[in-house]
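Indexing begins at 1, ligand by ligand and atom by atom, following the structure's order.
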Amino acid sequence: MTNYHFFKPYTLRNGVTIKNRLAMSPMTEQSSFEDGSITNDEIAYYRLRAGGVGMMITGCANVNDLGKGFEGELSVANRKMLPGLTRLANAMKLNHTKAILQIFSAGRMSNSKVLRGKQPVSASAVAPLRPGAETPRALTNEEVEQTIKDFASATQLAIDAGFDGVELHGANTYLMQQFFSPHSNRRTDKWGGTLEKRMNFPLAVVAVCAEVIKQRKPSFILGYRISPEELETPGIRLADTLALIKKLNDTPIDYLHISLADAFASSIVDRDDHQPIFEKIKPILAPDLPLMVVGHLATPAQVEKLMAAGVDFAAMGRELIREPKWVQKVEAGDEKAIRYTFSLRDLDELKVTPPLLNFLMTAFRKGFPLSTDDEQLKL
Ligand SMILES: Cc1cc2nc3c(=O)[nH]c(=O)nc-3n(C[C@H](O)[C@H](O)[C@H](O)COP(=O)(O)O)c2cc1C
């Protein structure tokens, strides 16, 4: 079957048409050079997966040096990165796939080893709740303003490199989320203190990036990724997120991307509430602002079910690592050939680098089944 709804094009608010409703979720390969410039391994990895999905989102790229969260992270922190980023954009823009650069700062999710002796920064000096986490220092007002400008410069650099858009990483507990979260943001200046003020940093980032786009390339796509909830107390609750989304409706973003472990998941805080999160978000979204949802999508039937439930874009992560030609195989009516497991024998063919393999086998081991053969071999 090839007449799936997810193959239908979608025209964004800014007039740009995306060839289908499929996206590759942002996934770092942790394989960039020490200064954050792209390696040939990464180019090959993206090129292999380009051409099928409508939008391909890169792993996160730090907008300034203090924003670096882990080794092997892509950087968009200075003009030196332009040649490498240009090669990356070119590799991704195959067969009308739109190339989206995810831009971020890790904030308190970094450490002084990664930052070569410097203390991580955040909205406030509150350590994340994880073993061994360092306590960050609070950014000064001047540094907050500079960080916002760094997002604007990163957007400019992405335009110059030939990307089709940027995705602001407001999710997964990184700096933009840290400003929104009552756990990490205890400020009492204009950047914190109330729910409204905790929105100021993310909204200021959106505003400066939107301004660059308006001035330099109005057809450039601006996406925003959010995590709808936090487990911490105090922490982001769904009502906070819905309030932020109402504000985002009035900004010129082109899509909203919800980061979920499972696309159909309900609240992780209120266990008695079984309604999928996307069903709570979709009705309050501006009608022309599309919703992208991610999480454990693997089969065409699962993606189609999500579309039928009213979601506009489906993002896939690990399945596109296992199966770079997922879209092409579905298009060709060859669904039986889709790989749903991963064999270590396929590493070279799949262009999976050792750091990416290590990441998958540790942080993401549960959702990344090896093939039966490898299990038997105890690899
Ligand atoms: C190896 C790996 C790297 C990831 N890196 C990022 C990242 O750079 N930025 C981000 O927003 N999410 C990142 N994620 C999360 C994914 O975008 C996605 O939300 C998650 O994997 C769930 O989707 P899936 O079940 O389809 O894999 C990463 C996930 C994986 C597996």
Trainee: Can you confirm if the aromatic rings of F180 and F201 lie within a centre distance of less than 6.0 Å?
Mentor: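 No, the ring of F201 stays outside the 6.0 Å limit from the ring of F180, centre to centre.
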
Trainee: Ignoring angles and geometry beyond distance, decide whether C60 reaches within less than 3.5 Å of ligand 1 through its nitrogen or oxygen atoms.
Mentor: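 Indeed, backbone or side chain, C60 has an N or O that close.
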
Trainee: I need the atoms of ligand 1 closer than 4.0 Å to a non-hydrogen atom of L356, numbered in the order shown.
Mentor: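 Matching atoms, with element in brackets: 1 (C).
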
Trainee: Which protein non-hydrogen atom lies closest to atom 6 (C) of ligand 1, naming both residue and atom, and how far is it?
Mentor: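 Of every protein heavy atom, P26 O, 3.1 Å lies nearest to atom 6 (C) of ligand 1.
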
Trainee: Using modelled atom types only, decide if a donor and an acceptor are shared between the side chain of N20 and the backbone of K8 within a distance under 3.5 Å.
Mentor: no

Trainee: Is there a nitrogen or oxygen of G59 sitting under 3.5 Å from a nitrogen or oxygen of ligand 1?
Mentor: no

Trainee: Considering only the protein, which heavy-atom contact is closest to atom 29 (C) of ligand 1, and what is its distance?
Mentor: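 Atom 29 (C) of ligand 1 sits closest to the protein heavy atom F364 CZ, 3.3 Å.
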
Trainee: Select one of side chain, backbone, both or neither to describe which atoms of I321 lie under 4.0 Å from any atom of ligand 1, heavy atoms only.
Mentor: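 For I321, there is no contact with ligand 1 at all, from either part.
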
Trainee: Does ligand 1 have an atom that lies less than 4.0 angstrom from a heavy atom of A171?
Mentor: no

Trainee: Tell me: protein heavy atom nearest atom 5 (N) of ligand 1, and distance?
Mentor: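 The closest one turns out to be T28 N, 3.0 Å.
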
Trainee: N/O to N/O below 3.5 Å, does that happen between G317 and ligand 1?
Mentor: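 Yes; at least one N/O pair falls below 3.5 Å.
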
Trainee: Should you measure from each heavy atom of N172, which atoms of ligand 1 turn up under 4.0 Å away?
Mentor: 10 (C), 11 (O), 12 (N)

Trainee: Using the salt bridge (charged side-chain N to carboxylate O under 4.0 Å, His left out) criterion, which residues pair with K351? Sequence neighbours excluded.
Mentor: none

Trainee: Against heavy atoms of H296, which atoms of ligand 1 measure under 4.0 Å?
Mentor: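 Those qualifying, in numeric order: 24 (P), 25 (O), 26 (O).
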
Trainee: Where is the nearest protein heavy atom to atom 18 (C) of ligand 1: which residue, which atom, and how far?
Mentor: S25 OG, 3.6 Å

Trainee: Quick one: does NZ or CZ of K305 land under 6.0 Å from the six-membered ring centre of F264, within 45 degrees of the ring axis?
Mentor: yes

Trainee: Would you indicate whether K280, at its atom NZ, is surrounded by more than 12 heavy atoms from other residues, nucleotides or ligands within a distance under 6.0 Å?
Mentor: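 For K280, atom NZ is crowded (more than 12 foreign heavy atoms under 6.0 Å).
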
Trainee: Using heavy atoms and a 4.0 Å limit, tell me yes or no: is E319 in contact with ligand 1?
Mentor: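 E319: no contact with ligand 1 (<4.0 Å).
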
Trainee: Under 4.0 Å from atom 2 (C) of ligand 1, do we find at least one protein heavy atom?
Mentor: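 Within 4.0 Å of atom 2 (C) of ligand 1, protein heavy atoms are found.
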
Trainee: Indicate whether any N or O donor in one side chain lies under 3.5 Å from an N or O acceptor in the other, for S31 and T39.
Mentor: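 No, because no side-chain N or O of S31 sits under 3.5 Å from a partner of the opposite role on T39.
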
Trainee: Does the ring-ring contact (aromatic ring centres under 6.0 Å, His included) test come out yes or no for F364 and F359, once each step is laid out?
Mentor: CA-CA 7 Å; F364 289 95; F359 195 32; 5.3 Å; yes

Trainee: Have a look at H257, M24, R318, Q30 and point out the one with the heavy atom closest to atom 25 (O) of ligand 1.
Mentor: R318

Trainee: If you count heavy atoms of other groups shown closer than 6.0 angstrom to CG of D65, is the number above 12?
Mentor: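 No, CG of D65 has 12 or fewer neighbouring heavy atoms, counting only those of other groups under 6.0 Å.
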
Trainee: Take atom CD in E34; do more than 12 heavy atoms of anything else shown fall under 6.0 Å from it?
Mentor: no

Trainee: With sequence neighbours left out, write down each residue that passes side chain to side chain donor-acceptor pair (under 3.5 Å) with E196, or none if nothing qualifies.
Mentor: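 Partners of E196 by the side chain to side chain donor-acceptor pair (under 3.5 Å) criterion, ordered by chain and then number, come out as K247.
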
Trainee: With R49 as the cation and Y45 as the aromatic partner, state whether NZ or CZ is under 6.0 Å from the six-membered ring centre and within 45° of the axis.
Mentor: yes

Trainee: Between E73, E29, H169, R225, which one has a non-hydrogen atom sitting closest to atom 12 (N) of ligand 1?
Mentor: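 Heavy atom nearest to atom 12 (N) of ligand 1 belongs to R225.
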
Trainee: Just to be sure I read this right, does ligand 1 sit under 4.0 Å from the backbone of V294, its side chain, both, or neither, counting only heavy atoms?
Mentor: side chain

Trainee: Among Q102, M27, M316, which one puts a heavy atom closest to atom 9 (N) of ligand 1?
Mentor: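 Looking at heavy atoms only, Q102 sits closest to atom 9 (N) of ligand 1.
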
